[in-house]
Undergrad: 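Questions regarding the structure given below will be posed in turn.
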Amino acid sequence: MCPVSGSYQPTSYYRGIEINPGPDSFKGTCASCGITYYSATNYANHQSVHFSNDKSFKFTCPLCDKTFHSASGYLSHHYRNHHNDPEQARGPMSGQVAPAADVLSDVLLDADYRCSQPTCQKACRTLKDLRSHIESHIKSGFAMNCPFPAICPNNVFTKVSTFRTHCSQYHPNIITNSREKITYQIKEDGSIAFSDDILENEASVSSESESDYESDDSDKSDEFFDCVKESRSPPPHDNIYPENQVRHHVGKFYLWLEGVLLIPATKIQLISEEIALLCEMSHHRIKVNLKEQLRREGIEANRSEKLIDTALKADTIWAVHHKDKDVVNVCTDYMRKKFYRDRCAFLDSQEIPLGCNDSGKNKFAHFIPVKSTLQVMFNDPTVQQHIEKSFERTSTPGVFEDYTDGSAFNEHPICGLMNKTIQLTFFQDAFEFYPLSPTAGTYKCVGFYFFLGNIHPNARSKVDAIQLALIVKENDLKYFGIEAVLKVLIDELTDLTENGIKYKGETIPVVLNNMCGDNLGQHFIGGFLESFTCEYFCRFCEVTKQMLKDNPTSCLPFRTPEEYDKIAAELLSEENELYQKKGIKRPSLLNKIPFYHVCKGQPPCISHDILEGFAKKDFALFLRYFIQIKDWISFDVRNRRIHNFKCKGRDAADSLVTLDKSLTKIRGHASEVWLFIRMFPFLISDKIQDQEDPVWQLAILLKKICEYVFAPKISEEMAATLKQMTHLYLEQRSKIFHKDLLPKHHYLCHYADLIAIHGPLIRLWTMRFESRHIFFKQAAKAANNFKNITKTLVNKYALNFAFKFTGHMIPPPITFKDNDISQLPEDLNPRVVQILREDLSFDCVLKCVEVHGIMYEPEMWLLLQRVEQNRNLLYGEILLILYNGSQVKFIIKKTPGRRFS
């Protein structure tokens, strides 16, 4: 019998509680279609059908009108609050009354699902078994109805492939929902009992986080189909593929080709014309065959011609590829763009005229309004959840976890007084397309990106969370000046700060918190000297080159907005006397934005300062000492160790780069240098003959400093320790090697104080922002046309943005694949069994899970805490990973570490 038909089903049990006690115990009517059910499980299953077709649908309790995000949440609520006398529920096997508490974890027995074939009517224990049984009838030649006649009453299937497609498209949560079954059973003697219904690979996990969102970790080839699957609407009973759905699907297909695969518009036009030709060829063949069949049936030629023409005109794919044949057509580039604007979140860019250059050519920058981007993002439910949580965000005293914990945010005139603010962090950087070509530098562009600071730090590190605001060629920026290029952006940010933006009917101010970038870009946009060999090279304080030579730890108080504005005013009034004063050459245009100043809103970039800066050269200096002076290790042995060193986990994505014989610096990108620093003790420590050697101690000290600086969470005490270590490192390095320090060495002295201002510096580094360049480089390469490169790039970005925001931008915090669901090991430690008994809601065992972007799996070791008594570290090995639908629990075997002197 159909599980959503509303009829009474035989009794089944869950943890000793009767799930379906009969018509007198439960009665629920679906508000969407009016069908009444006498079983809470059947009612939840029916609601799941609506949810599978509409992700915004919420499960409603018919007894108290509360809403839930998943069937499991509703059923838990029902049996916790509305079940009649759960303490006297009948036992599942003997029929005797047994307290629910005595049954630790019984296997859930699904309702008795019966085959609708009159001559069969076989009872199946699970929905998955019912589907397999129906497929066996279809293979035998029977025409079978959809197992959910209440939703799809007239659908009949004669092919297994068609039936499977229908189920996966319109009933995915029902057909594959095995999440309700318990994966293991703990007996009274502590042993583990398994069931034949333990989750299999094709089971899908239904949780509050995963039922609402789709993961964004799929590759480009699957991204289009996942996106379209989300946008489907419930089909009519007699129409599996409505016309609007087909039109939408075709339009999204072209948007996927243009915005994700970056196929040029000219090639898209060829594809469209070929599809139109294929449709015509298919129609011709169908028409010839139908004419012959109808002639044999005795139908007149004129009548058959009209019937065939009427039927073929209903082909929506053919119609949308021919002009004036449908309300929508995608046969030209103009009509496709019109479809994107009308049906998708397409952002229109603005062309900013800059003027004529020396050659008399008109130059332009291209701008996408920040307000338009934010308004589209506000429609995303995943973004809304993060924004609502940010309004309630609280800080832990003495601990820095995000930039919102720093003094710059807490003392801000708006952010410090209002909980509800929309926070923006901008980034500017130049990127090249073909750096080794003869045209290098000719088409180099500068991009201005931003992310929404209200989003959780782990989510905003995703590349898709970084949005484009403005793009211009670097040569045009230098020729026409920063004022001409950024005026439109500055005016909009000023308007958003003063007038705010509408969010759920409420006007909320938009605040620019930070402008990030590399040192050269920060000095350029901040109005500072762009030469790091000048006397005043630091944008944080007024230290000089000579002071740094005399004392490597020299640090002066931070520049203040008042001092900066005073010097800038003097420069404007003394144009003929001085070119610059104390490292400032002109007032920054960013200071025109209300409540923003470059002295407080330009954090450092630790990847450029350390990984791309002095760490490369310092570690090469240490290695030259160990190889050439001490002769503790040879150059060839060192490279052989690097080559044979195998990294695991996320470190395997990068590789240790072998050393150059000159040993002037460590080769590799920032991530590869960071990997080298972390693995440095493992690569060379056994060859160090004197552990008290000052250079070896200096190398270990620099590694410790890097660990502190790159920490995503740091306390005030740790920041104070970092300050001591940085001063000690700079003093010892100057004393041992007698080499001048770089300006980036000096920036290291400020880090401890900058953490108190901006929070953990890794939250505002530029490494993730620079990943955004990859899309534009790929788009330029695919277009192979640099005539108006900024317009090309901004149009491709708008197409990509429109496609991305068809689904959900932010993935759920907990993600795993269906085949990551595992079985409980049989040889469990009694202590582990006792832990499993304490909370039976964690009934799903996982092979691996990703939490906030970090992958965890059994046998992985975690650093848990530091034992304060002996200052040793406590480690833990993951034994099991459990999941309850919304939370993850690790069962860990603790192991104390020992400190060796």
Undergrad: Which atoms form the tightest heavy-atom contact between Ala143 and Thr158, and what is the distance?
TA: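 Residues Ala143 and Thr158, closest heavy atoms: CB-CG2, 3.9 Å.
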Undergrad: Could you pull out every donor-acceptor pair under 3.5 Å between side chains of residues 371-379 and any protein atom, sequence neighbours left out?
TA:
{"from": "Thr373", "atom 1": "OG1", "to": "Pro369", "atom 2": "O", "distance (Å)": "3.3"}
{"from": "Asn379", "atom 1": "ND2", "to": "Gln375", "atom 2": "O", "distance (Å)": "3.3"}

Undergrad: Closest approach of Phe805 and Ala345, non-hydrogen atoms and distance?
TA: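 So the two residues come closest at CB-CB, 4.3 Å.
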Undergrad: Main chain of Glu392, side chain of Asn419: is a donor-acceptor contact present, judged purely on distance under 3.5 Å?
TA: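 Judged by distance alone, no pair lies under 3.5 Å.
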Undergrad: Distance-only, no hydrogens or angles: does the Arg247 side chain make a donor-acceptor pair with backbone N or O of Thr316 under 3.5 Å?
TA: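 Looks like no, no N/O pair under 3.5 Å.
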Undergrad: Would you say the side chain of Phe803 lies within less than 4.5 Å of the side chain of Cys344, judging by non-hydrogen atoms?
TA: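 No, their side chains stay 4.5 Å or more apart.
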Undergrad: Taking it one step at a time, do Met144 and Val156 satisfy side chain to side chain contact (heavy atoms under 4.5 Å, CB included)?
TA: CA-CA 6 Å; Met144 299 298 294; Val156 180; over 6 Å; no
Undergrad: Would you check, one step at a time, whether the test side chain to side chain contact (heavy atoms under 4.5 Å, CB included) holds for Ile881 with Phe890?
TA: CA-CA 5 Å; Ile881 302 176; Phe890 295 144; 3.8 Å; yes
Undergrad: Do Val327 and Glu243 have side chains that get closer than 4.5 Å, going by heavy atoms?
TA: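 Val327 does not reach Glu243 side chain to side chain.
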Undergrad: Decide, yes or no, whether a salt bridge links Arg393 with Glu401 under the criterion of side-chain N to carboxylate O below 4.0 Å.
TA: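 Salt bridge absent between Arg393 and Glu401.
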Undergrad: So does Lys889 have more than 12 non-hydrogen atoms from other groups sitting under 6.0 Å from NZ?
TA: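 Result for NZ/Lys889: enclosed.
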Undergrad: Can you establish whether the number of heavy atoms outside Ile138 located under 6.0 Å from its atom CD1 is more than 12?
TA: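 Yes, CD1 of Ile138 has more than 12 neighbouring heavy atoms, counting only those of other groups under 6.0 Å.
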Undergrad: Is any side-chain heavy atom of Tyr503 closer than 4.5 Å to one of Glu388?
TA: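 Touching, per the 4.5 Å side-chain cut-off.
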Undergrad: Could you tell me whether a side-chain N or O of Asp380 sits under 3.5 Å from a main-chain N or O of Thr382, the two making a donor and an acceptor?
TA: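 Side chain of Asp380 to backbone of Thr382: a pair is present.
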Undergrad: Between His386 and Asn454 (side chain of the first, backbone of the second, donor and acceptor by atom type, cut-off under 3.5 Å), is there such a pair?
TA: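 Side chain of His386 to backbone of Asn454, a donor-acceptor pair under 3.5 Å: no, none is there.
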Undergrad: Quick check: Phe816 with Tyr883 (ring centres under 6.0 Å apart)?
TA: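 Centroid distance Tyr883-Phe816: below 6.0 Å, so yes.
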